[in-house]
Amino acid sequence: MATAAVLAAITTMLPIAVSTTHAASTADDSAHIAAAVSTDHRPEPLQLSCEARLSDDVAGARCAWSAPTSDAAAGVELVRVAIGSDQGRQVVFRTTDLSVTEHVDTPIRAGVRYAYAVIAVNNVGRIVGRSRTVVTGVPAAEPPSVELLQLHCRAGSSEPTERNRVGCEWTLPTSPARALTLWRSVNDGARERVALFSTPFAASYGDVVSAGTTSVVYVVIATDGDGQVVASSRASRVDIVASPTTVPTRSTTVEPVPVRSGSVAQPTRATTTVPNTTRSNSAHTVQITGATKVAALPAAGNSGADRSSVDVVRTVRGASD
C-alpha cells in the first residue's frame, strides 16, 4: 500500500464529530460557526517521528511528536495501520495530557511495516491537529548463523572382525553449545541418535553396525541451552564392504608309502601340503589339486653317500570334495 493510500485510510477513519448548525440570529453566532468550520478543514500540522527497535527480543516502535498549540486541543491520539493487513486502524495511545509527547508501541510484529499518525482533537472529537504518516517496522529476524563442523568417518580395518566398526572424528564447536549429538542413518533408513555428549565434548567416537549393513551416513550437531542448532557438520557417508566368504580347509589324508631299501633303515616321512596350482611349460599343462608331497628321508646315522630319497606326489580327496 502506498504512503498516500495509507494516509487516506487513516484520515477517513479519524474520529470526526458530526454537528448540526442551527440558524444564527446574531453576528457572534455566525463567527463562531465559521471558526469551527475553518478549524475542521485546516488542522494544525504536528510533527511526528517513529523508530522501530528490538529490545530484549521484543519489537516495538518509539514515537515522539510535537505538542499541539491550539487552544481547542483537548487530547492526543496515536494511531497505526499495519501495511498489508486487514486489521484496519488501531488507536495505540490516547491521552488528555498535552504535555505527554512520546509513546513506545509494543509489541509489534517483526517483518511487518506500520504506518503511524498522531492527531489532536477538541472536546467534541473534532480534529484540530494532525501529523503526516510515518512508516516504520522491525526487519524480520534472520536465522542465526550455524557454525560448520568438520566430520570424517571411515570403516574399520580390513580384518573380518573389524568390518562392522566405523570410527568418526570431528572438530569441536567454538559457538556456545550445551550438547553435541552424533546421528546416523543405516542403509538410508531413519535418522537415529548414536551418542550424546555434554561439556567437555568428545571429538571422536567408535560405532558398531550390525551385520548386513551396506552404508551408514553420519552427521554431528551442536545445540545451545534452548535446543537451537549452533553448529553442524555436513553428512559423512561410509560404505561397508561385505566380508569375503571363508573357504573351508581341505582335509588331506597321507597314506604310508613303502620305500624299497635293503640296507637302509625305515625312513622318516616328511609331509608338505601344496595349494591348488596350475603349472605349464611349452609342451604340457599340469594341474595339481590338493597335492601332498611325501619325501623319504634317510635314517639317522647313515652317511651322505648312502642317503637315498624318494619323492612321491599323491592326490587324496578329502571329505569336503
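- Taking the side chain as every heavy atom from C-beta outward, F197 and T181 never approach each other to under 4.5 Å.
- Between the side chain of W170 and the backbone N or O of Y205, no donor-acceptor pair lies under 3.5 Å.
- Expressed to the nearest 0.5 Å, how far CD1 of I221 lies from CG of L151 amounts to 10.5 Å.
- Taking each heavy atom of V138 and A59 in turn, the nearest pair found is CG2-CB, 3.8 Å.
- Inspection of the S99 and D97 side chains reveals an N or O donor paired with an N or O acceptor under 3.5 Å.
- Of the inter-residue distances, the one linking S49 atom OG with E102 atom CD reads 9.5 Å to the nearest 0.5 angstrom.
- The CD1 atom of I127 lies 9.0 Å from the CD atom of E77; values are rounded to the nearest 0.5 Å.
- For the 3.5 Å distance criterion, the side chains of Q228 and T223 fail to qualify, holding no donor opposite an acceptor.
- Formation of a donor-acceptor pair under 3.5 Å by the T199 side chain with backbone atoms of F201 is not found in this model.
- Note on V219 and L172: separate hydrophobic clusters, where clusters join Ile, Leu, Val, Met, Phe, Trp and Tyr whose side-chain heavy atoms are under 4.5 Å apart, directly or indirectly.
- Applying the 6.0 Å contact sphere to CG of D239 captures more than 12 heavy atoms from other residues, nucleotides or ligands.
- Relative ring orientation between F93 and W65 is described as tilted, the plane-to-plane angle lying within the 30° to 60° band.
- Here T96 contributes atom OG1 and N123 contributes atom CG; the two are 10.0 Å apart, rounded to the nearest 0.5 Å.
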* **Working for side chain to side chain contact (heavy atoms under 4.5 Å, CB included), residues V217 and S236** => CA-CA 6 Å; V217 177; S236 178; over 6 Å; no

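- Y116 and A61 make their closest contact through OH-CB, 3.5 Å (heavy atoms, listed as atom of the first residue, atom of the second, distance).
- Under a 3.5 Å cut-off, the side chain of E147 and the backbone N or O of T174 do form a donor-acceptor pair.
- You'll find the side chain of L148 reaches within 4.5 Å of the side chain of Q150, heavy atoms only.
- No path of Ile, Leu, Val, Met, Phe, Trp and Tyr side chains, each step under 4.5 Å between heavy atoms, connects W183 with Y218, placing them in separate hydrophobic clusters.
- Contact annotation: the side chain of I83 approaches that of V135 to within less than 4.5 Å [non-hydrogen atoms, C-beta and beyond].
- Surrounding CD of E51 are at most 12 heavy atoms belonging to other residues, nucleotides or ligands under 6.0 Å away.
- The heavy-atom pair separating P173 from A177 by the smallest distance is CG-CB, 4.4 Å.
- Between L48 and C63 the shortest side-chain heavy-atom distance falls below 4.5 Å.
- Looking at P68 and L46, their side chains come closer than 4.5 Å, going by heavy atoms from C-beta outward.
- In plain terms, the two heavy atoms of G225 and R178 that are nearest each other are N-CG, 3.4 Å.
- Of the inter-residue distances, the one linking C50 atom SG with H103 atom NE2 reads 10.0 Å to the nearest 0.5 angstrom.
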* Derivation of the side chain to side chain contact (heavy atoms under 4.5 Å, CB included) call for E192 and V186 -> CA-CA 9 Å; E192 57 187 9; V186 178; 3.7 Å; yes

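- Formation of a donor-acceptor pair under 3.5 Å by the T136 side chain with backbone atoms of A52 is found in this model.
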* Asked: How far apart are the C-alpha atoms of V76 and I119, what are their side-chain angles, what is the distance that settles it, and do they pass the side chain to side chain contact (heavy atoms under 4.5 Å, CB included) test?
  -> CA-CA 6 Å; V76 172; I119 60 174; over 6 Å; no

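- Looking at heavy atoms from C-beta onward, R154 lies in side-chain contact with E169 at the 4.5 angstrom threshold.
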* **Intermediate values then yes/no, side-chain hydrogen bond (donor to acceptor under 3.5 Å, both in side chains), T69 and E44** => CA-CA 8 Å; T69 59; E44 176 188 358; 2.7 Å; yes

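- When only modelled atom types and interatomic distance are considered, T214 and N187 share a side-chain donor-acceptor pair under 3.5 Å.
- Considering V220, L182, T171 in turn, V220 is the only one that fulfils the side-chain contact (heavy atoms from CB on, under 4.5 Å) rule with S233.
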* **Audit row: D207, R165, salt bridge (charged side-chain N to carboxylate O under 4.0 Å, His left out) steps and yes/no** => CA-CA 6 Å; D207 190 23; R165 296 184 181 273; over 6 Å; no

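- Looking at S185, its side chain never comes within 3.5 Å of a backbone N or O of R191 through a donor-acceptor pair.
- R80 places a side-chain heavy atom less than 4.5 Å from the side chain of D105.
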* To do: Apply side chain to side chain contact (heavy atoms under 4.5 Å, CB included) to the pair V166 and I240, showing each step before the final yes or no.
  => CA-CA 9 Å; V166 178; I240 307 298; 3.9 Å; yes

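- Panel note: side chain T213, backbone S215; no donor-acceptor pair is recorded below 3.5 Å.
- In this structure, V229 and D224 have side chains that are not in contact, with every pair of non-hydrogen atoms separated by 4.5 Å or more.
- The hydrophobic cluster containing V146 does not contain V230, counting ILVMFWY residues as joined when their side-chain heavy atoms lie under 4.5 angstrom apart, directly or transitively.
- V112 and V58 fall into different hydrophobic clusters, where Ile, Leu, Val, Met, Phe, Trp and Tyr side chains are chained together by heavy-atom contacts under 4.5 Å.
- Using a 4.5 Å cut-off between side-chain heavy atoms of Ile, Leu, Val, Met, Phe, Trp and Tyr, with links allowed through other members, V118 and V104 fall into different hydrophobic clusters.
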